[in-house]
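Positions are given from 1, in the same order as the sequence printed here.
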Amino acid sequence: MDIGQAILEIRKEKGLKQEAVALIVNTDSGYLSRIESGSRKPSLPMLGKIATAMGVTVSLIVAKAEGISLADRQMLEQNWNNISEEAIQLRQQFRTLTPENQRALLEIAKVLNRLQRDKY
């Protein structure tokens, strides 16, 4: 399934009209229709707007497009909503480190965890 089909199915699952979603994302329903039919691919910012308009995350749309089950998508959605801003920033910073610095940071996190556990 492609992204457009996933958007279409999620929109229908949520009982949303194409015109309403298009209005929220500040586009016309014809453009949204072309996305849903697969004749147009949404940009990442547009995909984000569509996801927000439908009350889901981009990751949920992608998961549906990749054939991940509804239960797994719901678990993914719940987990995504529980990620703190600090955790997102930590992951972004972690990715910029060299492999040896990533290992060092992981060891520091393990030490901090042990200290915290011993304290409480």
Side-chain angles (χ1 to χ4, degrees):
M1 169 181 308
D2 71 12
I3 291 290
Q5 290 171 314
I7 291 169
L8 172 65
E9 287 189 15
I10 292 170
R11 182 177 59 75
K12 287 186 173 184
E13 286 169 7
K14 298 216 165 249
L16 300 170
K17 296 196 177 290
Q18 194 175 65
E19 296 79 16
V21 174
L23 182 64
I24 293 169
V25 301
N26 199 27
T27 192
D28 62 272
S29 59
Y31 179 69
L32 186 56
S33 175
R34 288 188 294 280
I35 290 173
E36 291 179 348
S37 71
S39 64
R40 291 293 309 249
K41 301 291 182 211
S43 65
L44 192 54
M46 177 57 77
L47 186 57
K49 289 177 184 179
I50 292 168
T52 299
M54 295 192 305
V56 299
T57 61
V58 170
S59 60
L60 188 87
I61 295 171
V62 172
K64 182 160 185 74
E66 291 180 353
I68 297 174
S69 72
L70 178 60
D72 288 342
R73 283 188 287 135
Q74 288 171 335
M75 186 180 357
L76 191 142
E77 186 80 8
Q78 289 169 351
N79 290 339
W80 178 257
N81 289 334
N82 291 331
I83 296 175
S84 69
E85 182 62 32
E86 291 83 5
I88 294 169
Q89 290 175 4
L90 182 61
R91 184 171 184 202
Q92 290 169 338
Q93 293 299 317
F94 185 83
R95 287 179 169 176
T96 66
L97 298 175
T98 64
E100 57 209 25
N101 284 342
Q102 288 178 348
R103 286 190 293 278
L105 184 56
L106 183 56
E107 289 305 315
I108 291 168
K110 289 177 183 178
V111 169
L112 288 172
N113 196 334
R114 279 194 299 271
L115 290 172
Q116 179 177 293
R117 191 175 52 238
D118 293 344
K119 184 177 179 179
Y120 298 105

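- Judged by distance alone, the side chain of Arg11 and the main-chain N or O of Leu16 form a donor-acceptor pair under 3.5 Å.
- One hydrophobic cluster, built from ILVMFWY side chains closer than 4.5 Å, cannot hold both Leu112 and Phe94; they sit in different ones.
- Going from atom CZ of Arg34 over to atom CG of Leu32 covers 9.5 Å, rounded to the nearest 0.5 Å.
- Between atom CD1 of residue Ile61 and atom CG of residue Leu8 there is a gap of 11.5 Å, rounded to the nearest 0.5 Å.
- Using a 4.5 Å heavy-atom cutoff, the side chains of Lys64 and Glu13 are in contact.
- Using modelled atom types, no side-chain atom of Gln5 and backbone atom of Gly38 make a donor-acceptor pair closer than 3.5 Å.
- Counting all heavy atoms, side chain and backbone alike, Ala6 lies closest to Ala65 at CB-N, 3.7 Å.
- Of the inter-residue distances, the one linking Leu90 atom CG with Arg95 atom CZ reads 11.5 Å to the nearest 0.5 angstrom.
- Residue Pro42 comes nearest to Ile3 through the heavy atom pair CG-CG2, 4.1 Å, listed as atom of the first residue, atom of the second, then distance.
- Linking ILVMFWY residues whenever their side-chain heavy atoms come closer than 4.5 Å, directly or via other members, leaves Leu115 and Leu105 in distinct clusters.
- Cluster membership for Tyr31 and Ile50, using ILVMFWY side-chain heavy atoms within less than 4.5 angstrom, is shared.
- In this structure the side chain of Val56 reaches within 4.5 angstrom of the side chain of Lys14, judged on heavy atoms.
- Considering Thr27, Ile7, Asp2 as possible partners of Ile35, the one that fulfils the side-chain contact (heavy atoms from CB on, under 4.5 Å) test is Ile7.
- Separation of atoms CE (Met46) and CG (Asn26) is listed at 8.0 Å; rounding is to 0.5 Å.
- Listed for the Ser33 side chain is no donor-acceptor partner under 3.5 Å among the backbone atoms of Ser29.
- Counting all heavy atoms, side chain and backbone alike, Ile24 lies closest to Ala53 at CG2-CB, 3.5 Å.
- Residues Asn113 and Lys110 fail the side-chain proximity criterion, which asks for heavy atoms closer than 4.5 Å.
- The pair Lys12-Glu36 fails the salt-bridge criterion, with no side-chain N (NZ, NE, NH1 or NH2) lying under 4.0 Å from an Asp/Glu carboxylate O.
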